[in-house]
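Notes follow once the structure below has been shown.
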Amino acid sequence: LERIFRIRNSSREMPDALDGVEEFCRALGLATEPTLEVRLVAEEVLTNFVKHAHALTEERGVELRLSSSPESVRLEFRDAGAPFNPLDMPPPDLTSPPERREIGGLGVHLVKSLVDDASYAREGAVNVLVLIKHVGSTV
């Protein structure tokens, strides 16, 4: 099973895409918890794309390819922005009080904690981020 979403760098399009991610997971028969975790992962990555990937005056898009196997859900994000590997970001300092921490990095940390496998590649002019969430057999 596969589904492809194309989202412009506008937060207006995100709710429909995120609802589609949730519908995809429910159609697989996933339980509520892994379904909401997959949705949250998609939301974090797409939010970062909308906020940071391009100047707000440029209309660009990101493609999200969702696919599944009996054991996992695979999220592949593709965008033609500047090279950026979010997996290279250092982990946030969770030991310091919040007012002393640097801004940013918590979303990437959250995504990494919710998926079982993460990889990044640059294919020509395209960033490709692949995240895999193990969900066990859905049968």
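Residues take their numbers from the sequence shown, with the count starting at 1.
- Residues forming a side-chain contact (heavy atoms from CB on, under 4.5 Å) with S119 (at least two apart in sequence, or on another chain): V130.
- Here N85 pairs with L87, D88, Y120 under the side-chain contact (heavy atoms from CB on, under 4.5 Å) rule; sequence neighbours left out.
- Between E13 and the options L18, I7, L46, V62, a side-chain contact (heavy atoms from CB on, under 4.5 Å) holds for only I7.
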I would like to know whether N127 and F77 meet side chain to side chain contact (heavy atoms under 4.5 Å, CB included); could you show each step before the answer? CA-CA 8 Å; N127 293 303; F77 299 87; over 6 Å; no
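- The CG atom of L114 lies 9.0 Å from the CD atom of E44; values are rounded to the nearest 0.5 Å.
- Contact record, I132 with V115: O-CB, 3.5 Å, taken as the closest heavy-atom pair.
- Residues passing the side-chain hydrogen bond (donor to acceptor under 3.5 Å, both in side chains) test with D19 are R39, sequence neighbours excluded.
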May I have the step-by-step check of side chain to side chain contact (heavy atoms under 4.5 Å, CB included) for L129 and V45, ending in yes or no? CA-CA 9 Å; L129 177 65; V45 174; 4.1 Å; yes
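- Contact record, A42 with L64: CB-CD2, 4.3 Å, taken as the closest heavy-atom pair.
- Looking only at distances, no side-chain donor or acceptor of E2 sits under 3.5 Å from a matching main-chain atom of S67.
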Step by step, would you call F5 with D16 a side chain to side chain contact (heavy atoms under 4.5 Å, CB included)? CA-CA 10 Å; F5 301 91; D16 287 342; over 6 Å; no
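- Rounding to the nearest 0.5 Å gives a distance of 12.0 Å between OG of S72 and CG of L131.
- Using a 4.5 Å heavy-atom cutoff, the side chains of V126 and R122 are not in contact.
- Legend: residues meeting side-chain hydrogen bond (donor to acceptor under 3.5 Å, both in side chains) with E43, ordered by chain and number and at least two apart, are absent.
- Under the side-chain hydrogen bond (donor to acceptor under 3.5 Å, both in side chains) criterion, R6 pairs with E63, sequence neighbours left out.
- With sequence neighbours left out, D117 forms a salt bridge (charged side-chain N to carboxylate O under 4.0 Å, His left out) with no residue at all.
- With sequence neighbours excluded, the residues that form a side-chain contact (heavy atoms from CB on, under 4.5 Å) with E123 are R78, V128.
- By the side-chain hydrogen bond (donor to acceptor under 3.5 Å, both in side chains) test, T35 is found to be paired with no residue, residues two or more places apart in sequence or in another chain being considered.
- Between the OG atom in S113 and the CD atom in E37 there is a gap of 8.5 Å [rounded to 0.5 Å].
- For R74, the salt bridge (charged side-chain N to carboxylate O under 4.0 Å, His left out) partners at least two apart in sequence or on another chain are E76.
- Here F84 pairs with P86, M89 under the side-chain contact (heavy atoms from CB on, under 4.5 Å) rule; sequence neighbours left out.
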Per-pair distances, 0.1 Å, donor-acceptor, side chain in residues 23-32, under 3.5 Å, sequence neighbours excluded:
from, atom 1, to, atom 2, distance (Å)
R26, NE, E22, OE2, 3.4
R26, NH2, E22, OE2, 2.9

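- Minimum heavy-atom separation, R12 to P15: O-CD, 3.5 Å.
- The structure places CD of E71 at 12.0 Å from CG of D116, a figure rounded to the nearest 0.5 Å.
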